[in-house]
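Letters go in sequence order (proteins before strands), and every chain restarts at 1.
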Number of protein chains: 2
Amino acid sequence: MTLAGVRAELVAVVLTADGDRLGVLAAGSPLHLPSGPLRTDHHSLQAGVRAFAQEQTGHRLGFVEQLYTFADLDRQAAGERMVSISYLGLTRAALDDGWQNVYRLLPWEDRRTDASSADAVLARLRRWARSGVRRERVAHLFGVDGEVWRPELALQRYELLWEAGLVGESPSAADVSELSGAAMALDHRRILATGLSRVRSKLQYRPVVFELLPETFTLGRLQQVVETLAGQGVHKQNFRRAVEQQHALVEPTGEMTHATGGRPARLYRFRGDVLTEREQAGTKLPIPRSR
Amino acid sequence: MTLAGVRAELVAVVLTADGDRLGVLAAGSPLHLPSGPLRTDHHSLQAGVRAFAQEQTGHRLGFVEQLYTFADLDRQAAGERMVSISYLGLTRAALDDGWQNVYRLLPWEDRRTDASSADAVLARLRRWARSGVRRERVAHLFGVDGEVWRPELALQRYELLWEAGLVGESPSAADVSELSGAAMALDHRRILATGLSRVRSKLQYRPVVFELLPETFTLGRLQQVVETLAGQGVHKQNFRRAVEQQHALVEPTGEMTHATGGRPARLYRFRGDVLTEREQAGTKLPIPRSR
DNA sequence: TAGCAAATGCTCACAGTGAGTATTTCCGGC
DNA sequence: GCCGGAAATACTCACTGTGAGCATTTGCTA
């Protein structure tokens, strides 16, 4: 039995939504997500993430949540095993040169437009997936052949593309640089996909986007942020209905803004008790209403 | 900047359902979840969990999934920081003395009966939660005052009880041994609650319980396992309807069993493609059907 | 043979949700 | 000052999913 020498590091997927663009903090070539060693002066992992993110990037993280811990052997360096604990962080910032556009790093995840880049990936995928099982998987993950597109499956889509050799870092990758955009270090694109999946999942049961919006906002702004994260347009009228019905989520401030280009819009703010992180969605089990 | 010396260990929440009892592997006094150091001969973390679980307990794990990584300072020993990577594992076994009954360690999580133990906890909680915010939290998590009980909030309920000093390991705990059952080491009860939350969450979008059932089974058996995990009874007819509608989940084998005590029941098996882990549920966003 | 137990079959009402139409109210340009 | 565009806001409608309950089947056991 061989005990491993271990080094531990934190890796952060820091996202921000600026208009219709989704940004992630990453720098260098190949691109690295911000990361740093685990230190003893961090009270907790979360505190560690907040601290080094602020030090390295100058951005204060609002929402922080653990994603996944990686420690596969291929991350091992010189006899010491590397344990990477990845975190998702949301912050509010304008996209400058510290930020990368997520939808250039995972182009197939943006379905807001007519998705020409997605089509390119899909065409290559179809060639790879001739057999039944692969084909079903493609259909399920990419929402074709009668299946629906699910934004939150970003990680599984990445994994499928990796298997198919359609992202730059695949072992079997050939000429795919135009499909997956800029090179990313190690498995950082996978970690990014994990973060995107997570934030989209959270979006489903509660618009956990208040970290990405100013104090007050219009429903149109809120919808835009949601669409930016989901990578997909939503039905405007129904979106407002859903948000407004979700009592205890937002409330009108009473003020209006005229800066929308059309009819003036009511301003809203998130209600305080939303901040106490109400977790999780309704069950799908047929549970009796009574009792 | 102080770099931490780090030790890494794996901790497993291994669950099994035996009839109406939910079992978790734990031994010793106080009870320890099975755990072991991270070793270099493990290809991956998952492989490591499978290996040491099999070595320590003799049980082969079916489903395995990472839960959470803990590394708070209070887990630190002698200058070396301990990073605990916890995993959920499901297996099929009969409850013998290696197993503990989950609903004795988290008694308030069992709502299948008239829940006298849950009432005891709730009474203490109400005394603790007089103020508005606390009261709302209690209502939300414990499904009182018009709110519904959500099985998958097990972790948040544990955390609330911990804050309220109503579990044995709370810093502010008084005479609560009768509420939370046997003592558990470190934060192992929290990790157990995390595992329970996770398995219940997964249950919502897909009955990921085939690891807990034999090759073939009746819908009644399936329902019993689901109820055991969820800690809650479900509506029988609607449960069958849900399962049967969920095409591609189960299929009848064509055989019947007479061992049910009533009318003979059709036997079912899980369909093969379920095993390829179709992730995640339908979105709650009002996304247009067309396109 | 009666009665029980569990499985199975079927109906119904209602809430939630996707979708579409219509109306209001500002701005900018002419 | 008037007109068209843009966005916000308001309402309606059909359909489906889901909670609930009633009814029937079919074995076993007393």
Side-chain angles (χ1 to χ4, degrees), chain A residues 19-20 143 148-150 204-205 207 216-227 230 232-247 249-268 281-291, chain B residues 19-20 143 146 148-150 204-207 216-227 230 232-247 249-268 281-291:
Chain A
D20 61 352
V148 294
W149 171 269
R150 298 179 193 279
Q204 292 186 248
Y205 37 88
T216 64
F217 49 86
T218 66
L219 292 188
R221 283 300 283 164
L222 176 60
Q223 180 178 355
Q224 191 188 31
V225 173
V226 167
E227 288 178 337
Q232 194 173 62
V234 304
H235 186 283
K236 181 155 66 167
Q237 298 92 318
N238 291 345
F239 179 78
R240 343 181 102 248
R241 179 176 62 189
V243 171
E244 281 165 347
Q245 274 178 0
Q246 214 140 19
H247 66 295
L249 182 63
V250 298
E251 61 188 4
T253 66
E255 320 235 317
M256 310 281 283
T257 177
H258 293 209
T260 60
R263 174 173 169 176
R266 249 191 279 273
L267 282 174
Y268 289 79
T283 177
K284 285 277 181 59
L285 294 178
I287 289 170
R289 265 188 194 142
S290 47
R291 278 200 68 240
Chain B
D20 62 351
V148 295
W149 171 269
R150 299 177 192 280
Q204 292 186 251
Y205 36 89
R206 292 244 151 194
T216 65
F217 49 87
T218 67
L219 292 188
R221 284 299 284 162
L222 176 59
Q223 180 179 355
Q224 191 188 32
V225 173
V226 167
E227 288 178 339
Q232 193 173 62
V234 305
H235 186 283
K236 181 155 63 165
Q237 297 94 315
N238 290 344
F239 179 78
R240 338 181 107 252
R241 181 177 61 187
V243 170
E244 282 165 346
Q245 274 178 1
Q246 212 139 22
H247 66 295
L249 182 62
V250 299
E251 61 188 5
T253 66
E255 319 235 315
M256 309 280 283
T257 178
H258 293 206
T260 60
R263 172 172 171 178
R266 247 191 277 275
L267 282 174
Y268 288 79
T283 177
K284 286 274 180 60
L285 294 178
I287 288 171
R289 264 186 194 144
S290 47
R291 281 198 70 239

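Screening Leu219(A), Leu249(A), Val250(A) for a side-chain contact (heavy atoms from CB on, under 4.5 Å) involving Glu244(A) leaves a single residue, Leu219(A).
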Protein-proximity profile, nucleotides 25-30 of chain C, B/S/- by nucleotide at the 4.0 Å heavy-atom cutoff, equals BBS---
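Whole-Å rounding puts the Leu267(A) CG to dA8(D) P distance at 11 Å. Remark: P of dA6(C) and CD of Glu227(B) are 13 Å apart, rounded to the nearest angstrom. When rounded to the nearest whole Å, the span between CZ of Phe239(B) and C1' of dT8(C) equals 15 Å. Distance Glu244(B) CD to dC10(C) P: 11 Å, rounded to the nearest Å. Residue His235(A) contributes atom NE2, which lies 10 Å from atom C1' of dT21(C) at whole-angstrom precision. The CG-C1' distance, from Leu222(A) to dA8(D), rounds to 14 Å in whole Å. As rounded to whole Å, 18 Å separates atom P of dT16(D) from atom CG of Asn238(B). If you take CD of Gln224(A) and C1' of dA7(D), they are 13 Å apart, rounded to a whole angstrom.
Considering only residues two or more places apart in sequence or on other chains, Arg263(A) meets the side chain to side chain contact (heavy atoms under 4.5 Å, CB included) condition with none of them. Residues meeting the side chain to side chain contact (heavy atoms under 4.5 Å, CB included) test with Gln223(A), sequence neighbours left out: Glu227(A), Val234(A), Lys236(A), Phe239(A). For Gln237(B), the side chain to side chain contact (heavy atoms under 4.5 Å, CB included) partners two or more places apart in sequence, or in a different chain, are His235(B). By the side-chain hydrogen bond (donor to acceptor under 3.5 Å, both in side chains) test, Arg241(B) pairs with Asn238(B), sequence neighbours left out.
In the set dC11(D), dA20(D), dT8(C), the nucleotide with an atom closest to the side chain of Gln237(A) is dC11(D). For Thr218(A), the listed nucleotide lying nearest its side chain is dA8(D); candidates were dA19(C), dA20(D), dA8(D). Side-chain atoms of Ala265(B) lie closest to dT8(C) of the nucleotides dT8(C), dA20(D), dT17(C).
Considering every non-hydrogen atom in both Arg266(A) and Pro252(A), the closest pair reads CD-CB, 4.0 Å. Smallest separation of non-hydrogen atoms from Pro264(A) and His258(A): CB-CD2, 3.7 Å.
Ranked by how close their nearest DNA chain C nucleotide is to the 5' end, Arg241(B) and Leu219(B) are led by Leu219(B).
Here Arg266(A) lies in heavy-atom contact (under 4.0 Å) with sugar-phosphate atoms only.
In this structure, Lys236(B) does not reach the dT8(C) phosphate: none of its side-chain N or O atoms is under 4.0 Å from OP1 or OP2.
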